[in-house]
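Structure first, then comments.
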Amino acid sequence: MPQTPTPTAVADAHTRIIGWFDAHARDLPWRRDECTPWGVMVSEFMLQQTPVARVLPVWTEWMRRWPTPADLAAEPSSEILRAWGRLGYPRRALRLHAAAQTIVAEHDGEVPNTAAELKALPGVGEYTSAAIACFAFEQPEVVVDTNIRRVHARAFSGRALPEKSLTRAEMSLATELMPADPEQACQWNAATMELGALVCTARSPQCRLCPVSAACAWLAAGSPEAHYQPKGQSWAGTDRQLRGAIMALLRSHDGGTALTAIRQRVEESLSPDDAQFDRCVSSLVADGLAERTGDELSLPHS
């Protein structure tokens, strides 16, 4: 069992990782001083399970069109879904839209600045509320995403990967590792996240570039294999792929599209049977991502 890191070791990790971040952090627009809390919030929604490279152009256009929560709240859902494009998991767009409407209705159009208030917004959970409070308002919340968990697992617990889902022990370690100084705590969150994204990656960690490699518990243990084998998400032939294809067709039309026409188009690249096609159409309607009128399907009009 790995030992609890000493205060000296933790302080050294703070210095080294934050120093590395100061020198090597990516220049992302939502990290810049001029970015508003709303811009940070939009980025946090978009970055969930989506790489930075895919988010950047969509975030930039989104902020050009809707620079405030009120701007987004006034748009119909159909426009929100078109602008979301191919980022994936489009229910995030609807939740962000609902959050913007709540901000306008209950917070005078200003993003609330505490994790508790943020968590009360539609689509905002434990991680997102902590991240927005930290990165937009410099509140020293404990931020724990997959990248941070991986750095903690290797550097301090001697494991190749974190657990499959966040555990109480992992949250306890993350809390223990937080700097006491509020400003440094926010820097620590951002720096550890960036280290996990760029250096301490899941498949090919670049340990020679890591600022804490000399003290890494995983390297000291001989870089043992992970205690489980991660399973990648399948895509080809899945309902997710078919739903995405249907949504792409709906985004390209202003009005409704006949279900027979949609079926013919998706069959140019996919091979759904009747049951899968009907299931995906029904699930898109149930999720609020589409509306069915007779034999036609469209983006929602609200």
Side-chain angles (χ1 to χ4, degrees), residues 28-32 34-50 52 54-56 58-85 87-149 165-166 171 174-175 178 182 185-186 189-190 193 247 284 286-290 299-302:
L28 301 176
W30 46 84
R31 288 179 178 163
R32 296 171 188 163
E34 63 268 24
C35 185
T36 64
W38 172 242
V40 173
M41 182 171 176
V42 172
S43 77
E44 287 298 335
F45 268 75
M46 291 184 173
L47 288 165
Q48 295 167 15
Q49 298 179 287
T50 307
V52 165
R54 289 178 59 194
V55 167
L56 269 169
V58 180
W59 182 92
T60 300
E61 175 61 14
W62 194 283
M63 295 307 298
R64 185 193 67 80
R65 292 183 65 180
W66 303 304
T68 70
D71 294 320
L72 186 69
E75 287 281 4
S77 299
S78 57
E79 280 306 301
I80 307 302
L81 290 169
R82 284 194 178 92
W84 194 260
L87 280 183
Y89 302 100
R91 279 181 288 181
R92 292 180 294 170
L94 296 183
R95 289 167 183 156
L96 182 55
H97 190 211
Q101 292 172 330
T102 301
I103 289 171
V104 171
E106 300 180 9
H107 299 280
D108 297 322
E110 299 293 331
V111 177
N113 62 6
T114 68
E117 290 175 303
L118 287 160
K119 193 176 177 182
L121 297 174
V124 178
E126 196 77 40
Y127 164 78
T128 305
S129 61
I132 298 169
C134 175
F135 301 137
F137 299 106
E138 298 184 345
Q139 301 289 331
E141 297 290 336
V142 180
V143 178
V144 184
D145 78 337
T146 300
N147 288 319
I148 289 175
R149 291 172 59 219
S165 58
L166 180 63
M171 196 66 194
T175 302
M178 282 285 284
C186 292
N189 284 332
M193 187 180 297
M247 286 297 296
L284 288 172
D287 289 343
L289 296 169
L299 293 177
H301 299 295
S302 58

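In this text, all values refer to a predicted model and were calculated from it rather than measured experimentally.
Val111 has its side chain within reach of Pro69: a pair of non-hydrogen atoms, C-beta onward, lies under 4.5 Å apart. Here the side chains of Val143 and Cys186 are not in contact, with every heavy-atom distance at 4.5 Å or above.
Residues meeting the side chain to side chain donor-acceptor pair (under 3.5 Å) test with Asn147, sequence neighbours left out: Arg150. Taking Thr68 as the reference, Asp71 meet the side chain to side chain donor-acceptor pair (under 3.5 Å) condition, with sequence neighbours excluded. Shown here are the side-chain contact (heavy atoms from CB on, under 4.5 Å) partners of Glu79, two or more places apart in sequence or in another chain: Arg65, Glu75, Pro76, Arg82. For Pro182, the side-chain contact (heavy atoms from CB on, under 4.5 Å) partners at least two apart in sequence or on another chain are Pro140. Judged as a side-chain contact (heavy atoms from CB on, under 4.5 Å), and not counting sequence neighbours, the contacts of His107 are Ile103, Pro112, Glu117, Leu121. With sequence neighbours excluded, no residue satisfies side chain to side chain donor-acceptor pair (under 3.5 Å) with Ser129. Legend: residues meeting side chain to side chain donor-acceptor pair (under 3.5 Å) with Glu44, ordered by chain and number and at least two apart, are Tyr127. Every residue meeting the side-chain contact (heavy atoms from CB on, under 4.5 Å) condition with Arg54, not counting sequence neighbours, appears here in chain and number order: Thr50, Pro51, Leu87.
Between Leu118 and Ala133, the shortest heavy-atom distance links the atoms CD1-N, 3.7 Å. Taking each heavy atom of Phe45 and Pro122 in turn, the nearest pair found is CZ-O, 3.9 Å. Between Arg149 and Leu166, the closest heavy-atom pair is NH2-N, 3.6 Å. Across all their heavy atoms, Pro29 and Cys35 have their closest contact at O-CB, 3.5 Å. Across every non-hydrogen atom of Ile80 and Ala93, the tightest pair is CG2-O, 3.6 Å. The nearest pair of heavy atoms linking Met41 to Ala99 is CE-CB, 3.7 Å.
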Candidate pair Leu289 and Leu94, rule side chain to side chain contact (heavy atoms under 4.5 Å, CB included), full reasoning: CA-CA 8 Å; Leu289 296 169; Leu94 296 183; 3.5 Å; yes

Criterion side chain to side chain contact (heavy atoms under 4.5 Å, CB included) on Phe137 and Val40, from CA distance to verdict: CA-CA 10 Å; Phe137 299 106; Val40 173; over 6 Å; no

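The structure places CE of Met247 at 4.5 Å from CG of Leu81, a figure rounded to the nearest 0.5 Å. Residue Gln48 holds its CD atom at 11.0 Å from OG1 of Thr146, rounded to the nearest 0.5 Å. Rounding to the nearest 0.5 Å places OH of Tyr89 at 4.5 Å from CD of Gln49. Taken from OG in Ser43 to CD1 in Ile132, the straight-line distance is 8.0 Å, to the nearest 0.5 Å.
Within the structure, the salt bridge (charged side-chain N to carboxylate O under 4.0 Å, His left out) test picks out the following pairs touching residues 118-128 (sequence neighbours left out): Lys119-Glu126. Sorted by first and then second residue, the ring-ring contact (aromatic ring centres under 6.0 Å, His included) pairs involving residues 65-84 (not counting sequence neighbours) are Trp62-Trp66, Trp62-Trp84. Every pair tested for side-chain hydrogen bond (donor to acceptor under 3.5 Å, both in side chains) that includes a residue from residues 132-144 fails, sequence neighbours excluded, so the list is empty. Pairs engaging residues 87-116 under the salt bridge (charged side-chain N to carboxylate O under 4.0 Å, His left out) rule: Arg91-Asp287 [sequence neighbours left out].
Using a distance-only test at 3.5 Å, with no hydrogens or angles considered, no donor-acceptor pair links the side chain of Trp38 to the main chain of Gly109.
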